[in-house]
Asks: 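For reference, the structure I am asking about is given below.
Side chains included, hydrogens not; waters and symmetry mates left out as well; all remaining heavy atoms used. Note on naming: letters A, B, ... go to the chains in the order of the sequence lines (proteins, then strands), and numbering restarts at 1 for each one.
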Protein chains: 2
Amino acid sequence: MANKMGYLSCLDTVKPVRDAIEVINGKWKLPIIISVMTGNERFTDIQESIPGITPKVLAKELKDLEQHQLIKRVVIDDYPVKILYRPEPYADTLTPIIDALKGWGLNHRKKIFEKE
Amino acid sequence: MANKMGYLSCLDTVKPVRDAIEVINGKWKLPIIISVMTGNERFTDIQESIPGITPKVLAKELKDLEQHQLIKRVVIDDYPVKILYRPEPYADTLTPIIDALKGWGLNHRKKIFEKE
DNA sequence: TATAGTGCTTTCCCAAAGGAAAGTGGAATA
DNA sequence: TATTCCACTTTCCTTTGGGAAAGCACTATA
């Protein structure tokens, strides 16, 4: 029997897009990845590089990103102990997404300002 | 005086990325845009093409997308009245983002399954 | 000894997101 | 007349996100 759906299936695109959104969801994950990929390693450096982020949120998001193997938490056993956050190679695979969002965001802001 | 920041600035990228995220945030906006761009026009068709979405959420997100000029609500004055949702040309500018997310999502799923 | 910095954690709170289920009003269909 | 379809709306509730502020263990510095 044929299927009786009256709509056009778009699951081929919707499903992988949702998978991606689940990993990089929320306001902060991509900004944090960008900051770490730029070279910020220390907790407070990352915090100061992202206006508005609070330490609670940063700590939580760093844990999430670690679980997804996008960044690595490195403990340096000096006195005093240092903690560094470094991008994992897998983070590089996000570059096309970041570039696309950056390009769109720049253009969007231009569009908004032209209007008003 | 020189600036005394100890962190590396990444605002050039973080700011436009945040602008983009603000427009397409949440779980549903991109799936809805994909569905409409695929050719689904009717409320129930869109709803059925996106597993798990509820009418309340769909109605709210459609309004948001209309405000951002990504889709258009068209009223057809037949008997009975029909309401169609159509993509605006501006929605096409999201294609690079959607493609990047789709590619990443497909690869991510492959990576996850290989591991387990 | 007092102060400052580091990398968080804890508590409290609020707003937004989102799910479940039922309802609604008009028009078409059986 | 009863049912169904369409495009939502309404209500209720739970979860999640996120902000403010304080605290804390440790070390270094004055």
Asks: For B:Phe43 and B:Leu58, work out which heavy atoms get closest and say how close.
Replies: O-CD2, 3.6 Å

Asks: In whole angstrom, what separates B:Ile32's CD1 from C:dG18's P?
Replies: 10 Å

Asks: Consider the side chain of A:Ile83, meaning its heavy atoms from C-beta on, and name the nucleotide among C:dG7, D:dA7, D:dA20 that approaches it most closely.
Replies: C:dG7

Asks: Would you call the rings of B:Tyr90 and A:His108 parallel, tilted or perpendicular if under 30° counts as parallel and over 60° as perpendicular?
Replies: parallel

Asks: How many Å lie between CG on B:Leu58 and C1' on D:dC6, as a whole number?
Replies: 13 Å

Asks: Which is more 5' along DNA chain C, the nucleotide nearest A:Lys56 or the one nearest A:Leu62? Just name the residue.
Replies: A:Leu62

Asks: Just call it for B:Lys82: base, sugar-phosphate, or nothing, with non-hydrogen atoms closer than 4.0 Å on any strand.
Replies: nothing

Asks: By the 4.0 Å heavy-atom rule, please label A:Lys29 as base, sugar-phosphate, or nothing.
Replies: nothing

Asks: For A:Arg42 and C:dT6, is the shortest distance between a side-chain N/O and OP1 or OP2 below 4.0 Å?
Replies: no

Asks: Looking at A:Thr44, does any N or O in its side chain come under 4.0 Å of the phosphate oxygens OP1/OP2 on C:dG7?
Replies: yes

Asks: Take atom CD of B:Glu48 and atom P of D:dC5, then tell me their distance rounded to the nearest Å.
Replies: 10 Å

Asks: Run the side chain to side chain contact (heavy atoms under 4.5 Å, CB included) test on A:Lys111 and B:Gln69 for me, step by step, so that the C-alpha distance in whole Å, both residues' side-chain angles and the decisive distance to 0.1 Å come before the verdict.
Replies: CA-CA 11 Å; A:Lys111 197 194 165 198; B:Gln69 307 181 47; 4.0 Å; yes

Asks: Starting at the 5' end of DNA chain D and moving along, which residue's nearest nucleotide shows up first, B:Gln47 or A:Glu61?
Replies: B:Gln47

Asks: Grab the NZ-C1' distance between B:Lys27 and D:dT15 for me, whole Å please.
Replies: 11 Å

Asks: May I ask you to verify if any side-chain N or O of A:Trp28 is less than 4.0 angstrom from the OP1 or OP2 atom of D:dT16?
Replies: no

Asks: Please tell me if B:Lys60 has a side-chain N or O lying less than 4.0 Å from either OP1 or OP2 of C:dA17.
Replies: yes

Asks: Round to the nearest Å and state the distance from A:Ile50 atom CD1 to D:dG18 atom C1'.
Replies: 15 Å

Asks: For D:dC6, does OP1 or OP2 lie under 4.0 Å from any side-chain N or O of B:Tyr85?
Replies: no

Asks: To the nearest Å, how far apart are A:Glu66 CD and C:dC8 P?
Replies: 10 Å

Asks: Do A:Lys60 and A:Asp64 sit within salt-bridge range, that is, some charged N less than 4.0 Å from a carboxylate O?
Replies: yes

Asks: Could you give the CD1-to-P distance, from A:Ile21 to D:dG17, as a whole number of Å?
Replies: 14 Å

Asks: Got a second to check how far A:Ile71's CD1 is from A:Leu62's CG, nearest 0.5 Å?
Replies: 4.5 Å

Asks: Take atom CD1 of A:Ile53 and atom P of D:dG18, then tell me their distance rounded to the nearest Å.
Replies: 9 Å

